[in-house]
Amino acid sequence: MAAMLNRQFIGSSVLSLENGPIEGTVQILPLPNLRLVLIELNKKVVFYADRKAGKYHFSVNLSDDPSRDNVMAQGVTIARPAIFGFNKELKDLDLQLSTGCRFCSIIIPELFLMAKLSEYSANNVQDILNKFNILSSSNVPYGLILYLSQLWSNLPSLVLSPAFVEDEILSALIECFISPDDRKLGVSIDRCDRHEAALQVLALTSSSPTKPFEIQDLCSLLHQSRTSVFNGCKEKFKMSPLQVVRSVRLHQVRHALMNIEFCIENNIRSVSDTASHFGFVGRSHFARYYKQEFFEMPSQTLSNRRHADHEF
């Protein structure tokens, strides 16, 4: 997931908030000037990354019930049909998806979007993009979301040209912004220091997979007190800082056990080699944590991959 996110972001991190393997689909539809992405996962997941300049991200939840399968974007819960994540001043992606959420994002280069806004005589939309981060109106569910839902459902049999699909999406999107009917706007809230520290714990762990972190290391690196780091992680992720570190590490181990290229490149031949590579010292403790996280022993994961290699 992090590797796929890094096609559009920088330094992406992923944290599962529920036990069990992360499964689901990521679909990407490249169009002449924009890109559509649809993510559906079986677990509640947090994503964090730095944004690349020069692109706008317009995101929607295509779930049938967004109040149940909601999204938390930049600290705000999106529990109604809305477009979010588009504010030009956002420097990072701070996103939490509930199980069952169908997260769809429209990624548009800035110069292309500005040209289109001028073409549609909608230059006043720029003011909304600069000041706000959430937009809801009757046009969102009955225009944009309806079109995107039908598009993804009919994608295998789609006979329309990519250029036509792109024009339809842009027209529906811009109409949501220029129409005053039932329009409501929301801002992205300022992030408190302890929540910033929690996200940095996640980023540090993801970017340094072989480096062991204790709580005092994290506090020193983040220039935060132990209380601030602990409370931030508990509020943001419902985990302690060390639970965040351990969960990320366990998912990195699982990815390695299932990836023969990674094992060959890093001279990993066994579960013990993999655990050591990612900083787990006690084998019995590691195996217990792994089973708690994924409901199977690490040896079973490795055995399943080797069996798949033989069948391949």
Side-chain angles (χ1 to χ4, degrees), residues 1-3 5 11-22 41-50 72 75 92-99 191-259 262 266 268 271-302:
M1 284 299 306
L5 282 173
S12 301
S13 305
V14 181
L15 175 66
S16 176
L17 301 183
E18 298 176 341
N19 291 343
I22 299 177
L41 301 174
N42 68 329
K43 301 294 177 187
K44 192 181 217 181
V45 173
V46 169
F47 299 113
Y48 180 65
D50 292 324
M72 182 176 285
D92 57 36
L93 171 74
D94 175 6
L95 182 68
Q96 179 178 303
L97 306 184
S98 294
T99 306
R191 188 184 296 140
C192 63
D193 288 347
R194 64 183 181 276
H195 291 172
E196 179 68 33
L199 290 168
Q200 290 304 316
V201 168
L202 174 57
L204 278 170
T205 308
S206 299
S207 63
S208 306
T210 61
K211 186 173 182 179
F213 287 114
E214 297 295 336
I215 185 66
Q216 58 268 25
D217 302 319
L218 296 169
C219 295
S220 177
L221 287 167
L222 299 175
H223 305 289
Q224 293 281 336
S225 70
R226 191 184 189 96
T227 300
S228 180
V229 172
F230 186 87
N231 289 344
C233 287
K234 277 291 187 180
E235 291 172 13
K236 191 75 177 170
F237 307 131
K238 304 296 186 289
M239 299 182 186
S240 71
L242 295 186
Q243 285 175 319
V244 172
V245 173
R246 186 167 64 231
S247 180
V248 171
R249 289 282 184 269
L250 288 169
H251 279 270
Q252 289 169 331
V253 167
R254 182 175 177 81
H255 174 73
L257 289 173
M258 297 174 68
N259 189 330
F262 183 92
N266 293 277
I268 292 173
V271 169
S272 295
D273 290 346
T274 314
S276 297
H277 182 84
F278 290 100
F280 288 96
V281 179
R283 183 170 179 176
S284 61
H285 286 131
F286 159 72
R288 187 177 78 251
Y289 289 138
Y290 190 95
K291 187 172 184 180
Q292 287 174 351
E293 188 79 20
F294 302 114
F295 311 127
E296 67 180 21
M297 297 297 286
S299 56
Q300 185 178 345
T301 303
L302 182 58

Asks: Any donor and acceptor pair, going by atom type alone, linking the side chain of Asn266 with main-chain N or O of Phe262 inside 3.5 Å?
Replies: yes

Asks: Quick one: do Arg191 and Leu199 satisfy side-chain contact (heavy atoms from CB on, under 4.5 Å)? Show the steps, please.
Replies: CA-CA 10 Å; Arg191 188 184 296 140; Leu199 290 168; 3.4 Å; yes

Asks: Are the side chains of Met239 and Leu15 in touch, meaning some heavy atoms are under 4.5 Å apart?
Replies: yes

Asks: Which heavy-atom pair separates Ala197 from Leu222 by the least distance, and what is that distance?
Replies: O-CD1, 3.6 Å

Asks: Out of curiosity, Ser228 OG to Glu196 CD, how far, rounded to the nearest 0.5 Å?
Replies: 10.5 Å

Asks: Aromatic rings Phe286 and Phe280: how do their planes relate, parallel, tilted or perpendicular, breaks at 30° and 60°?
Replies: tilted

Asks: I'd like to check Asp217 versus Lys211 (side-chain heavy atoms, cut-off strictly below 4.5 Å). Are they in contact?
Replies: no

Asks: Can you find a heavy atom in the side chain of Leu17 that is under 4.5 Å from one in the side chain of Lys43?
Replies: no

Asks: Please report the C-alpha distance between His277 and Ile268 in whole Å, then the side-chain angles of each, then the deciding distance to 0.1 Å, and finally whether the side-chain contact (heavy atoms from CB on, under 4.5 Å) criterion is met.
Replies: CA-CA 8 Å; His277 182 84; Ile268 292 173; 4.0 Å; yes

Asks: Assess whether atom CE of Met1 is packed by more than 12 heavy atoms of other residues, nucleotides or ligands within 6.0 Å.
Replies: yes

Asks: If you draw a 6.0 Å radius around CZ in Arg226, do more than 12 non-hydrogen atoms from other residues or ligands fall strictly inside?
Replies: no

Asks: Just so I know, are the side chains of Thr274 and Leu302 near enough to count as touching, which here means a heavy-atom distance under 4.5 Å?
Replies: no

Asks: Donor-acceptor pair, distance only, cut-off 3.5 Å: does the side chain of Ser207 make one with the backbone of Leu204?
Replies: yes

Asks: Under the rule for side chain to side chain contact (heavy atoms under 4.5 Å, CB included), what residues qualify as partners of Thr99, not counting sequence neighbours?
Replies: Glu18, Lys44

Asks: Do you know which two heavy atoms are closest between Cys219 and Val229, and how far apart they sit?
Replies: SG-CG2, 4.0 Å

Asks: Is the closest side-chain heavy-atom distance between Val248 and Phe213 below 4.5 Å?
Replies: no

Asks: Check whether Ser247 reaches the backbone of Gln243 with its side chain - one donor and one acceptor, N or O, closer than 3.5 Å.
Replies: no

Asks: Under 3.5 Å, side chain of Thr205 to main-chain N/O of Val201, donor-acceptor pair present?
Replies: yes

Asks: Would you say that Met297 contacts Val271 through its side chain, given a criterion of any heavy-atom pair below 4.5 Å between the two side chains?
Replies: no

Asks: With the side chain counted from C-beta on, respond yes when Leu250 and Arg246 share a heavy-atom pair under 4.5 Å apart, and no when they do not.
Replies: yes

Asks: Please name all residues satisfying side chain to side chain contact (heavy atoms under 4.5 Å, CB included) with Pro21, sequence neighbours left out, ordered by chain then number.
Replies: Glu23, Arg254, Phe294

Asks: Run the numbers on Tyr290 and Leu257 for side-chain contact (heavy atoms from CB on, under 4.5 Å), then give the verdict.
Replies: CA-CA 12 Å; Tyr290 190 95; Leu257 289 173; 3.8 Å; yes

Asks: With no hydrogens and no angle check, just 3.5 Å: does a side-chain donor-acceptor pair link Ser206 and Tyr48?
Replies: no

